[in-house]
Amino acid sequence: MKSSELRQSFLSFFESKQHQIVESSSLIPGNDPTLLFTNAGMVQFKDVFLGEDIRPYKRATTAQRCVRAGGKHNDLENVGYTARHHTFFEMLGNFSFGDYFKKEAIAYAWEFLTEILKLPKDKLLVTVYAEDDDAFDIWHKNIGLPAEKIIRIGDNKGGRYQSDNFWAMGDTGPCGPCTEVFYDHGEHIWGGPPGSPEEDGDRFIEIWNVVFMQFNRSADGTMAPLPKPSVDTGMGLERIAAILQGVHSNYEIDLFQNLIAASAKAVGTSDLSSQSLRVIADHIRSCSFMIVDGVVPSNEGRGYVLRRIIRRAVRHGNKLGQKGTFFYTLVDALDIEMGEAYPELRKLKDRVASILLKEEEQFAKTLDQGMKILEEAIANLGDKTVIPGDIIFKLYDTFGFPYDLTQDVARESGLEMDVAGFDEAMEAQRNRARSASNFAMDMSGGVRIESITNFTGYDHLEGACEVEMILVDGNAVEAIEAGQSAVVVLKSTPFYGESGGQVGDQGWLRGAGAFKVTNTTKQGKAHLHHGELKEGRLAVGDEVTGQVDRSLRMATTLNHSATHLMHEALRRVLGDHVMQKGSLVDSERLRFDFSHFEGVTAAEIEQIEDMVNEQVRLNRPVETEIMDIEAAKAKGAMALFGEKYDSQVRVLTMGADYSIELCGGTHVKRTGDIGLFKILFENGIAAGVRRIEAVTGKAAIDATRQTEAALNNIASLVKGNKDSALDKVVALNDHARALQKELDVLKGKMAALAGADLASQAVDINGGKLLVAQVEVSDPKALRDLLDELKSKLESAVVLLAAVNDGKVSLIAGVTKELTKQIKAGDLIKMVAPFVDGKGGGRPDMAQAGGNNPAGLAEALAAVPDWVAERV
């Protein structure tokens, strides 16, 4: 049975058992910010199991794409070296939300395995939690499995309910025993059954885990029965496919064999058994689907994991002799294998390939440089067998050479790594980063605030409020006096609390006292009003009038609404791979970070501006609706990956369905209220992440006037007007280039003259020439030209030149080709640079350095002849 047929067979079987087929969720967990990636089928149903989300179905089945390559669940270092480890895999699962339980779940599993897939019953055995007599009896009495094939697994992980067969969602919350189905590959494979000393062998392989969530564990360890026990199962597609196709390794199944063949063709090798081909075939799956789900290569978080995996794949291609780009070409092969099951891959495959190609090209330089440094470090180990931690860290931190690549090279070279030394260097870096950071003060002092503030600020900027709590330095107090800073919590408020990228409101709380609100934040569902009591007294229980600063709120609102219009324009102009990566909306401007792999062109900026301003001119109504999350998605509302939403959400529709997003911020009534939209600049802030800053309303008008004033000033300087300024600036620029060319020619002639004079100062050393001189040259290019002139005239020589300008020393060394075996320019520079408090390096034939101590130059130059004489 092909992998694609197995996937469909599983889903169809459970559909016949009244399960709702639910599409695979994104690899970016939408309801669990604690997870780096979706790593199991139950992740998208976590809130359902917790009772925080109610679905229209009680039974579900999925083929969920999963990644285990970062954070707690990280299989990256094992991929390619074992039969069953992957960065990406598909988890087949069936779920019951308070509907059926153990009897039905076990029966479904057995029926699918033995009747649909027709696995031999004598090849199967199961484990149950030692105390789960119900599961044991169902397997033995209902299914008919012999008792010796039902293995009880006790608390084998060091504590009560700490067992391979007891599953928990966390330290507290839903949990329960599980039963696992194992397949026996036969006596010719080493290994023992689960629970035995040889259980880590490959003979008995777990293929299906059925979890029975029947308890709720409290903080004190009490296990209370759940009112509606549930079922969560998972079966790895790749593992069961290997069994059905009669192979032992997952990499031998049809899906992987086709990807391995495509990988071999891409790198130009015929050795299909290569472990490196396994790595490449595995990694194209995880990388492609990460990009499909909005991850782009970067230096942090999910983007860094993606970058690591891409670079690991490229390095293995490099090992097989492929020095050019190749990884991106495998997206087509992946589409053939998985595009039908996952149409989002087919839709975005060109975009995926483009991002992979750019990352490959960028990594080519890093790989070449990093490998040279690592190979040199290994060569210098001598009899030692451990790569020093500082070398590993330097490769990682300075050159962007991933830790796991160094680990791969070490393993292939039979070497160990100084992990402790690397960790120490990494921790020192983190400490430096922490000490250099500034953190905003948390005036709540860590106090947990359970209040729920009624927000009235969508429709009113002023209203009566009652003081519920006052915090000073994190401590609850009954009252404050004039001059005291505090955080005030109100039962209801018109002040918007900072969230969703929109800053918090400012204003006044007026009553017996006058409290100036300088910022409003949120903790849970409470709004915290930060500020200072300017006069009078304020106490818990007081009635006050909340007055939001109207001008600041309105300016912020214009910018927030424009952000939504711009987001949609970006997706329409650049592509629907654009995803929000961060935003900041205040009264002065809007800042929007988004995923995109290249700079936005001037023409695209103009198109985006035009699209937003068209919506402004149409002056269409802006509508908000409260609806359940599933209805919002059905309407087409855009949600942010990684954000957690309540079951009831606020849907913002702008411009007659032009933009539909989930948003809790404040907005204009009609798009025309924005007035004018103007982009100030666009730039890159990280690999694959761009940033746009823009303004609206009066700020946009002011920005336009400033541009016009700057143009007028330029026109005046070039003695023209606004219409002729561009032509005159172009003419001036052309003239400047012509003058620069003339200057370069003159400098070349001067270098030749100086070179002729200096060449005569060279001295003979052991059959070669040596020239050491301080010269009056201020331009770095002129210094290099002079060096080249001297090497040409002297033919076989070592040359060291020095120049001092503005208290800085410039050193440049050159060695003619026939002498580079005896003397390397880089070594010469490394010897003299410390005399002038400098450092540098370069190639064997040319090297440079800079220094800050001109006083040491004479001593530096004097040291050269003896140093050279020892080596020639």
Any donor-acceptor pair under 3.5 Å from N380 side chain to E376 backbone: yes
Any L119 side-chain heavy atom under 4.5 Å of L244 side chain: yes
Residues E111, K17; criterion salt bridge (Lys or Arg N to Asp or Glu O under 4.0 Å); working and verdict: CA-CA 11 Å; E111 181 182 353; K17 304 295 184 184; 3.2 Å; yes
Pair H86 + Y251: ring centers closer than 6.0 Å: yes
Spatial distance of atom CD (Q257) from atom OG (S249) [nearest 0.5 Å]: 8.5 Å
Beyond-backbone contact of F112 with S9, side-chain heavy atoms, under 4.5 angstrom: yes
Full working for side-chain contact (heavy atoms from CB on, under 4.5 Å) between L320 and D271: CA-CA 10 Å; L320 294 174; D271 180 12; over 6 Å; no
Q322 (side chain) donor-acceptor with A266 (main chain) under 3.5 angstrom: yes
Donor-acceptor pair, side chain of T233 and main chain of N94, under 3.5 angstrom: yes
Side-chain donor-acceptor pair present, Q8, S12, cut-off under 3.5 Å: yes
Donor-acceptor contact below 3.5 Å, side chain T114 vs main chain K121: no
Non-hydrogen atoms of L125 and P193 that approach each other most closely: CD1-CB, 4.2 Å
Audit row: F45, T62, side-chain contact (heavy atoms from CB on, under 4.5 Å) steps and yes/no: CA-CA 11 Å; F45 301 118; T62 65; 3.8 Å; yes
Pair S25-Q64, side-chain donor/acceptor within less than 3.5 Å: yes
Heavy atoms from other residues, nucleotides or ligands near NZ of K384 exceed 12 (cutoff 6.0 Å): no
CD1-CD1 distance between I605 and I692, expressed to the nearest 0.5 angstrom: 4.5 Å
Side-chain heavy-atom pair C287, F327 within 4.5 angstrom cut-off: yes
Test log, rule side-chain contact (heavy atoms from CB on, under 4.5 Å), inputs E238 and I253: CA-CA 8 Å; E238 295 82 3; I253 67 175; 4.3 Å; yes
Flag for R690-H596: side-chain donor and acceptor within less than 3.5 Å: no
Within 6.0 Å of CD in E340, more than 12 heavy atoms from elsewhere: no
Ring geometry between Y108 and F13 (parallel below 30°, tilted from 30 to 60°, perpendicular above 60°): perpendicular
Donor-acceptor under 3.5 Å (T179 side chain, T127 main chain): yes
Flag, side chain of R65 to backbone of L27, donor-acceptor distance under 3.5 Å: no
Polar side-chain atom of Q245 near backbone of M1 as donor-acceptor pair, under 3.5 Å: yes
Minimum heavy-atom distance between F204 and G191, given as atom pair plus value: CE1-O, 4.0 Å
Partners meeting ring pair (Phe, Tyr, Trp, His ring centres under 6.0 Å) with F592 (sequence neighbours left out): H567
Value rounded to 0.5 Å, distance of CG in N250 from NE2 in H248: 9.5 Å
Donor-acceptor under 3.5 Å (S263 side chain, L259 main chain): yes
Heavy-atom side-chain contact between S288 and L348 under 4.5 Å: no
Ring pair (Phe, Tyr, Trp, His ring centres under 6.0 Å) involving Y328 - partner list, sequence neighbours excluded: none
Non-hydrogen side-chain atoms of F594 and Q580 separated by less than 4.5 Å: no
Least distance between heavy atoms, G317 atom then F326 atom: CA-CZ, 3.6 Å
Heavy-atom side-chain contact between I391 and T406 under 4.5 Å: no
Donor-acceptor contact present, side-chain S595 to main-chain H577, <3.5 Å: yes
Close side-chain approach of Y183 and R239, heavy atoms under 4.5 Å: no
Value rounded to 0.5 Å, distance of CE in M566 from CE in M611: 13.0 Å
Shortest non-hydrogen separation from R843 to A825 and the atoms involved: O-CB, 3.6 Å
side-chain contact (heavy atoms from CB on, under 4.5 Å) evaluation trace for E90 with M338: CA-CA 11 Å; E90 293 180 80; M338 302 183 71; 3.4 Å; yes
SB check R285 E337 (cutoff 4.0 Å): no
N-O pairing of D845 and K817 below 4.0 Å: no
E359 and R311 ion-paired at < 4.0 Å: yes
I260 side, atom CD1; L330 side, atom CG - distance, nearest 0.5 Å: 11.5 Å
Test item: M42 and W167 side chains (from C-beta on) under 4.5 Å apart, heavy atoms: yes
Salt bridge (Lys or Arg N to Asp or Glu O under 4.0 Å), paired with D576, selected from R351, K347, R571: K347
From CA spacing to verdict: salt bridge (Lys or Arg N to Asp or Glu O under 4.0 Å), R691, D593: CA-CA 4 Å; R691 170 172 291 174; D593 300 339; 2.7 Å; yes
Point-to-point distance, once rounded to the nearest 0.5 Å, from CG of N258 to CG of L334: 11.0 Å
Closest non-hydrogen atom pair, F88 against V67: CD1-CG2, 4.1 Å
Any donor-acceptor pair under 3.5 Å from D418 side chain to P388 backbone: no
Neighbour count above 12 (heavy atom, 6.0 Å) for E606 CD: no
Minimum heavy-atom distance between T38 and S26, given as atom pair plus value: OG1-O, 2.8 Å
More than 12 heavy atoms from other groups under 6.0 Å of CD on E23: no
